[in-house]
Amino acid sequence: MALQKVCLISELEPGEVRRIDSPPIAVFNVEGALLAISDICTHAEASLSEGQVDGQTVECPLHGACFDLRTGEALTPPATEPVQTFAVVLQDDNVYVQVDESR
Ligand code: FES
């Protein structure tokens with residue numbers, strides 16, 4: 001496991017999202033809780049960080065599948081496979097995600 005820096009804690013206010021490219025991961029601030037999922041929809045190639053957040057879910061901007069930000073579960077079609085979730089670590093004013101480099 002390795003820590004990948006996302007941004008400063010101050011750059012991720014409630015209601016905001018930050019994305020890293022490699023691997024593509026989106027970190028959402030949902031009312032103070034930082035939740036990280038794979039940024040790529042499991043239905044096709046769309047960036048979930050560009051989706052609409054509603055409560056604990058995000059809606060894919062391309063075809064509207066909804067994913068649970070806590071579990072990655074695909075809640076509505078057309079997506080059926082969950083997105084991967086990642087642990088978020090706060091350290092020295094920075095937000096990190098825990099990435100398994102062996103994948
Ligand atoms: S690409 Fe996300 S629902 Fe189709």
Side-chain angles (χ1 to χ4, degrees):
M1 288 285 185
L3 292 182
Q4 187 98 19
K5 184 177 171 184
V6 179
C7 62
L8 293 168
I9 293 173
S10 60
E11 294 173 330
L12 189 52
E13 297 285 329
E16 291 187 331
V17 58
R18 288 284 176 269
R19 177 188 195 278
I20 58 170
D21 290 331
S22 180
I25 295 174
V27 185
F28 298 82
N29 185 332
V30 180
E31 296 173 5
L34 300 185
L35 305 170
I37 59 171
S38 168
D39 189 42
I40 306 300
C41 183
T42 55
H43 177 241
E45 281 284 315
S47 178
L48 294 175
S49 60
E50 295 170 13
Q52 185 72 37
V53 175
D54 182 11
Q56 311 267 11
T57 66
V58 62
E59 182 181 324
C60 176
L62 201 52
H63 309 113
C66 287
F67 294 90
D68 189 314
L69 290 169
R70 295 161 300 179
T71 64
E73 186 186 351
L75 301 171
T76 61
T80 55
E81 295 295 316
V83 287
Q84 190 180 354
T85 59
F86 298 87
V88 176
V89 176
L90 303 180
Q91 224 171 61
D92 302 330
D93 296 335
N94 293 308
V95 178
Y96 296 89
V97 284
Q98 224 167 41
V99 177
D100 184 352
E101 291 178 316
S102 63
R103 283 176 184 251

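We count ligands from 1, going down the list as the structure has it; atoms in each ligand are counted the same way.
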The angle formed at atom 2 (Fe) of ligand 1 by SG of Cys60 and SG of Cys41 is about (to 10 degrees) 110°
So, for Ser38 and Leu48, which heavy atoms are closest and what is the spacing to 0.1 Å? O-CD1, 3.7 Å
Is it true that Pro78 lies under 4.0 Å from ligand 1, counting heavy atoms only? yes
Looking only at heavy atoms, what is the nearest atom pair of Val97 and Ala36, with distance? CG1-CB, 3.7 Å
With heavy-atom distances below 4.0 Å as the criterion, list the atoms of ligand 1 near Leu62. 1 (S)
Of all the N, O or S atoms in His43, the one nearest to atom 4 (Fe) of ligand 1 is ND1
Closest non-hydrogen atom pair between Ile20 and Lys5, with its separation: CG2-O, 3.7 Å
Taking every non-hydrogen atom, the tightest pair across Thr85 and Gly72: CG2-N, 3.5 Å
If you look at every heavy atom in Glu11 and Arg18, which pair is closest and at what distance? O-NH2, 2.8 Å
Below 4.0 Å, non-hydrogen atoms only: which portion of Pro61 touches ligand 1? Side chain, backbone, both or neither. neither
Here the N/O/S atom of His63 closest to atom 4 (Fe) of ligand 1 would be ND1
Contact summary for Ala79 and Ala65, nearest pair of heavy atoms: CB-CB, 3.5 Å
Ala46 neighbourhood, listing ligand 1 atoms whose heavy-atom distance to it stays under 4.0 Å: 1 (S)
Distance only, no hydrogens: is a donor on one side chain within 3.5 Å (strictly under) of an acceptor on the other, for Asp39 and Ser49? yes
Ligand 1 contact on Ala44 by region, counting heavy-atom pairs under 4.0 Å: both
Side chain, backbone, both or neither: the part of Ala65 lying under 4.0 Å from ligand 1 by heavy atom: both
